[in-house]
Amino acid sequence: GAKQPFSTMADGHGELHFDELSKVRLLDADLSTRTQEMKDECKEFVDKMTTFQSLVGTFIGTVDKLSKAVEAEKLKAIGSRNLLKSISKQREAQQQQLQALMSEKRVQLERYRIEFQSLMKQEAEQNEFIDQFMLQS
């Protein structure tokens, strides 16, 4: 139980107390005062440590939340970067397809131009033949 003075000595030099083993002990008055002050300081220290631990716990919780939020944003950024890479590759592939199509169309245009020249030559020869045929008749 709590240690309470048994009685105060008449001359004011100390107090009687029961120790942990329930033995009566005489404690010097100055020592008794310092002991009480130390007990009060210890309680204050323990209270401050409890408050500190609570603050540290809150801080750690906040840091954990921020860490999770940062990790989530990091994953979003990685996803966005991968999407941009994918879009870039798709555009590159599309550009290559369009360039191949343009090359095919150029070759086709060249074939049509040669065919057109050939047909123009045939038309000119046929017109010349018709003109000569008409002159002979």
Side-chain angles (χ1 to χ4, degrees):
K3 311 289 186 291
Q4 293 296 326
F6 181 73
S7 67
T8 302
M9 294 184 69
D11 60 7
H13 290 293
E15 296 179 356
L16 293 176
H17 291 271
F18 289 103
D19 67 8
E20 300 83 30
L21 301 174
S22 298
K23 291 188 176 180
V24 176
R25 302 280 182 200
L26 175 64
L27 195 60
D28 180 81
D30 184 45
L31 185 58
S32 177
T33 302
R34 287 188 292 168
T35 302
Q36 187 59 44
E37 288 172 357
M38 182 174 274
K39 182 179 172 185
D40 294 343
E41 286 177 16
C42 286
K43 183 186 179 321
E44 187 177 326
F45 177 77
V46 169
D47 290 346
K48 285 181 182 180
M49 286 302 294
T50 302
T51 301
F52 177 73
Q53 285 178 331
S54 174
L55 289 173
V56 167
T58 301
F59 177 74
I60 289 173
T62 302
V63 168
D64 283 346
K65 285 180 188 176
L66 286 174
S67 170
K68 287 176 184 171
V70 165
E71 191 63 28
E73 289 301 317
K74 181 179 165 186
L75 290 175
K76 276 191 210 176
I78 290 170
S80 295
R81 184 178 64 203
N82 289 342
L83 180 62
L84 286 174
K85 282 182 184 178
S86 173
I87 289 171
S88 176
K89 286 180 182 178
Q90 286 175 350
R91 284 191 179 159
E92 210 173 283
Q94 189 178 29
Q95 185 178 12
Q96 288 174 353
Q97 288 173 346
L98 289 173
Q99 287 174 344
L101 183 61
M102 285 172 55
S103 294
E104 287 176 27
K105 295 297 180 186
R106 282 189 195 109
V107 169
Q108 189 177 21
L109 177 63
E110 184 62 20
R111 274 198 314 261
Y112 287 154
R113 190 184 62 73
I114 292 170
E115 188 178 340
F116 178 72
Q117 286 177 346
S118 174
L119 289 173
M120 292 294 289
K121 186 177 177 186
Q122 279 182 356
E123 182 185 25
E125 289 172 356
Q126 288 174 356
N127 282 339
E128 187 180 323
F129 178 76
I130 290 173
D131 286 345
Q132 285 179 3
F133 185 72
M134 298 287 275
L135 287 176
Q136 289 179 359
S137 350

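Here the structure is a predicted model, which means the values were calculated and not measured. FYI, the numbering just counts along the sequence from 1.
- Residue Gln53 holds its CD atom at 10.5 Å from CD1 of Ile60, rounded to the nearest 0.5 Å.
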* Passes side chain to side chain contact (heavy atoms under 4.5 Å, CB included), Asp40 versus Gln36? Steps please. -> CA-CA 6 Å; Asp40 294 343; Gln36 187 59 44; 3.1 Å; yes

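- One distance of note links CG of Leu109 with CZ of Arg111; it measures 10.0 Å at 0.5 Å rounding.
- Of the inter-residue distances, the one linking Leu55 atom CG with Thr62 atom OG1 reads 10.5 Å to the nearest 0.5 angstrom.
- Using a 4.5 Å heavy-atom cutoff, the side chains of Arg81 and Ile78 are in contact.
- Salt bridge absent: Lys68 and Glu71 never bring a charged side-chain N and a carboxylate O closer than 4.0 Å.
- Taking SG of Cys42 as the start and CG of Asp47 as the end, the distance is 11.0 Å to the nearest 0.5 Å.
- Judged purely by atom type and a 3.5 angstrom limit, Ser88 has no side-chain atom pairing as donor or acceptor with the backbone of Leu84.
- A distance of 12.5 Å separates OG in Ser80 from NZ in Lys85, rounded to the nearest 0.5 Å.
- A donor-acceptor pair is defined here as one N or O able to donate and one able to accept, closer than 3.5 Å; such a pair exists between the side chain of Thr50 and the backbone of Val46.
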* Start with the C-alpha distance between Glu110 and Arg106, add both sets of side-chain angles, then the distance that settles side chain to side chain contact (heavy atoms under 4.5 Å, CB included), and finish with yes or no. => CA-CA 6 Å; Glu110 184 62 20; Arg106 282 189 195 109; over 6 Å; no

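- Salt bridge status for Lys76 with Glu73: present, with a side-chain N to carboxylate O gap under 4.0 Å.
- At most 12 heavy atoms of other shown residues, nucleotides or ligands fall within 6.0 angstrom of atom CZ in Arg91.
- A 4.5 Å side-chain heavy-atom check between Glu125 and Lys121 finds at least one atom pair inside the cut-off.
- Note that CD of Glu104 and CD of Gln108 are 8.5 Å apart. Values are rounded to the nearest 0.5 Å.
- At least one side-chain heavy atom of Arg113 sits less than 4.5 Å from a side-chain heavy atom of Gln117.
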